[in-house]
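Beneath this line is the structure, given in structure tokens, with notes to follow.
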Amino acid sequence: MKTDLFLDANAGLPVRPEVLETFQRVERDCPANPSSLHGPGRKARAALEEARETVAELLGARRGEIIFTSGATEANNLAILGGARALAEGGDGPTPLFGSKAEHPSVLGPLRILQQEGCPLTLLPLKEGALVDLEGLDGAGPESFVSLQWANNETGCVQDLKQAKSRAPDSILHCDAVQGWGKLDPSAALEVADLFTLSGHKVGAPKGIGVLRVRETVPVSPILSGGGHQGGLRPGTESPALAAALAEALGLAEKERGLWEESGKEALNHLFRALLEGFPESVIHRPDPEGASLPNTASVGFPGVDGRALLPACEKVGLALSAGSACSTGAPTPSTVLLAAGVGEKLARASLRISFPPGSGRAEGEEAGKRLAEVVNRAYEVAKR
Ligand code: PMP
């Protein structure tokens with residue numbers, strides 16, 4: 001039996017051992033409710049606010065601009081529903097919305113809800129590799145709300161957020177930055193985004209914690225009702241332990257970014273080499289080679305292969321990876337991102353997302369490429385019969 005190769009880092013990473021220790025220590029030492037006014041409550045509050053301060057420093061923000069959430073799904077919902085509704089309250093009419101066809105469901109979902117409430121929605125089209133065509137942003141004014149991802153979780157394409165900001169300088173810009181943190185230099189994204197979403201479990205913190213940075217000048221309405229926690233923006237008892245774990249994991253991911261950049265690129269290059277040698281028809285779905293992309297991510301399609309066979313066959317050779325999209329019924333639906341990026345339906349069905357965890361290098365790249373080529377060649381033979 002071959003050892004397992006984990007190639008699904010974009011879906012989530014294991015908790016870092018030191019982060020797990022921090023989580024346990026804070027949970028054990030600060031068991032009280034951080035809103036309680038007694039000593040133990042104040043101790044829990046201090047741990048929570050220390051974590052908030054650390055996250056604020058990492059994001060170049062003020063402490064009051066950091067809102068802890070249950071994850072990026074909630075942060076995206078808060079940013080979009082809360083941001084667009086607050087804009088409408090201050091303006092005259094429904095908020096015009098802009099997103100793209102490359103967005104994650106936790107962005108598309110709230111955009112669709114607002115569309116049903118009467119907000120006009122423009123989903124910007126994609127170019128090759130899922131690069132967002134930003135032309136449609138021209139003319140978006142101060143009454144508009146724009147939500148764009150930093151990097152695509154399937155193809156690894158990095159979006160040009162600076163260009164987006166220059167095309168719609170007066171609009172509110174929300175960025176789902178989940179896939180970029182720890183893999184890319186965050187300065188440009190942090191500079192242009194008014195609202196900025198991150199998720200803990202993508203960077204080695206436990207699942208169940210995320211963050212939304214809300215620039216002080218940007219109005220956002222709460223989407224939950226309850227107590228007055230976190231400036232009234234996100235009611236609900238905060239977890240100092242999860243917040244501390246998130247702060248530490250975000251810091252470590254940023255500190256070790258260079259490592260991931262270098263080794264990930266090496267892993268990808270060797271993956272591509274082995275794949276193209278083993279199955280020369282392989283198609284790599286990416287923007288032109290000059291385009292920026294995540295150092296660990298590739299979406300690869302295999303013409304002439306029945307997509308349904310791929311994931312189970314990968315599992316058999318110890319490859320843990322994802323199809324382009326969720327596969328709940330066992331029959332993969334083609335990735336809507338790949339389809340929007342111009343990939344044909346058959347090829348989109350026969351495509352896989354590979355995302356290397358940090359520390360992967362030549363050996364992992366070569367091994368993944370060899371095993372994948374083996375799987376694909378077998379599936380190709382079957383499809384020919
Ligand atoms: N946005 C992107 C780009 C993601 O990849 C994910 C996780 N799949 C999310 C948002 C949602 O994150 P969470 O699991 O923290 O809700």
Side-chain angles (χ1 to χ4, degrees), residues 6-15 19 55 66-81 83 99-112 123-124 126 129-132 146-159 161 173-184 186 189 193 195-213 223-224 234 236 239 242-243 245-247 249-250 253 292-299 320-328 335-338 340-341 353-357:
F6 183 73
L7 305 175
D8 204 16
N10 289 2
L13 290 176
V15 182
V19 170
V55 175
I66 300 301
I67 307 296
F68 292 118
T69 63
S70 61
T73 297
E74 187 193 330
N76 284 342
N77 274 266
L78 175 59
I80 295 166
L81 295 174
S100 86
K101 294 187 173 176
E103 302 308 318
H104 188 266
S106 59
V107 166
L108 292 173
L111 287 175
R112 293 280 185 215
L123 286 183
L124 300 168
L126 306 184
L131 183 67
V132 177
V146 181
S147 181
L148 287 173
Q149 62 188 206
W150 185 4
N152 187 264
N153 71 79
E154 291 181 40
T155 65
C157 179
V158 178
Q159 310 299 349
L161 295 171
L173 176 59
H174 164 245
C175 177
D176 175 351
V178 165
Q179 292 295 342
W181 192 265
K183 300 171 189 152
L184 302 168
L195 298 158
F196 191 84
T197 293
L198 290 173
S199 169
H201 70 102
K202 308 288 179 181
V203 293
K207 297 166 196 70
I209 181 83
V211 65
L212 180 68
R213 186 199 71 183
I223 56 170
L224 300 173
R234 202 280 188 171
S239 164
L242 282 174
L246 175 71
L250 288 175
S293 58
L294 293 177
N296 74 322
T297 307
S299 173
L321 39 67
S322 289
S325 65
C327 165
S328 51
S335 148
T336 53
V337 172
L338 291 184
R353 174 184 82 176
I354 296 138
S355 51
F356 287 102

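One-based numbering, in listed order, for ligands and for the atoms of each. Side-chain atoms are counted along with the backbone in the values below, which use heavy atoms only and exclude waters and symmetry mates.
- For atom 5 (O) of ligand 1, the closest heavy atom belonging to the protein is Q179 NE2, 2.8 Å.
- Closest to atom 6 (C) of ligand 1 among all protein heavy atoms lies H104 NE2, 3.3 Å.
- Within the structure, the closest approach of Q149 to ligand 1 does not fall below 4.0 Å when heavy atoms are considered.
- What you find for L195 and A79 is that their closest heavy atoms are CD1-O, 3.9 Å.
- For A72, a nitrogen or oxygen atom sits less than 3.5 Å from a nitrogen or oxygen atom of ligand 1, counting backbone and side chain alike.
- Counting heavy atoms from C-beta outward, L7 and F356 have side chains that approach closer than 4.5 Å.
- With a heavy-atom cut-off of 4.0 Å, E74 does not touch ligand 1 at all.
- When heavy-atom distances to ligand 1 are checked against a 4.0 Å cut-off, S106 comes that close only through its side chain, counted from C-beta outward.
- For N10 (side chain) and N153 (main-chain N/O), a donor-acceptor pair under 3.5 Å exists by modelled atom type.
- At the shortest separation from atom 15 (O) of ligand 1 among protein heavy atoms lies S199 OG, 2.7 Å.
- Looking at V178 against ligand 1, only its side chain comes within 4.0 Å, counting heavy atoms.
- Looking at ligand 1, you won't find any N or O of N10 less than 3.5 Å from one of its N or O atoms.
- Between the side chain of Q159 and the main chain of V132, a donor-acceptor pair closer than 3.5 Å is present.
- Regarding atom 14 (O) of ligand 1, its nearest protein heavy-atom neighbour is H201 NE2, 2.8 Å.
- Using cut-offs of 30° and 60° on the angle between ring planes, the pair W181 and F196 is perpendicular.
- In this structure, the side chain to side chain contact (heavy atoms under 4.5 Å, CB included) partners of L108, at least two apart in sequence or on a different chain, are E103, L123.
- A side chain to side chain donor-acceptor pair (under 3.5 Å) check over residues 199-213, counting only residues at least two apart or in different chains, returns nothing.
- With a 4.0 Å cut-off on non-hydrogen atoms, K202 touches ligand 1 through its side chain and not its backbone.
- Remark: L242 CG to T69 OG1 distance equals 10.5 Å, nearest 0.5 Å.
- The shortest contact between atom 3 (C) of ligand 1 and any protein heavy atom is with D176 OD2, 3.5 Å.
- When all heavy atoms are compared, the tightest approach of W150 to A189 is CE2-CB, 3.8 Å.
- Atoms of ligand 1 found under 4.0 Å from any heavy atom of G71 (numbered from 1 in listed order, with element): 15 (O).
- Regarding atom 16 (O) of ligand 1, its nearest protein heavy-atom neighbour is T73 OG1, 2.6 Å.
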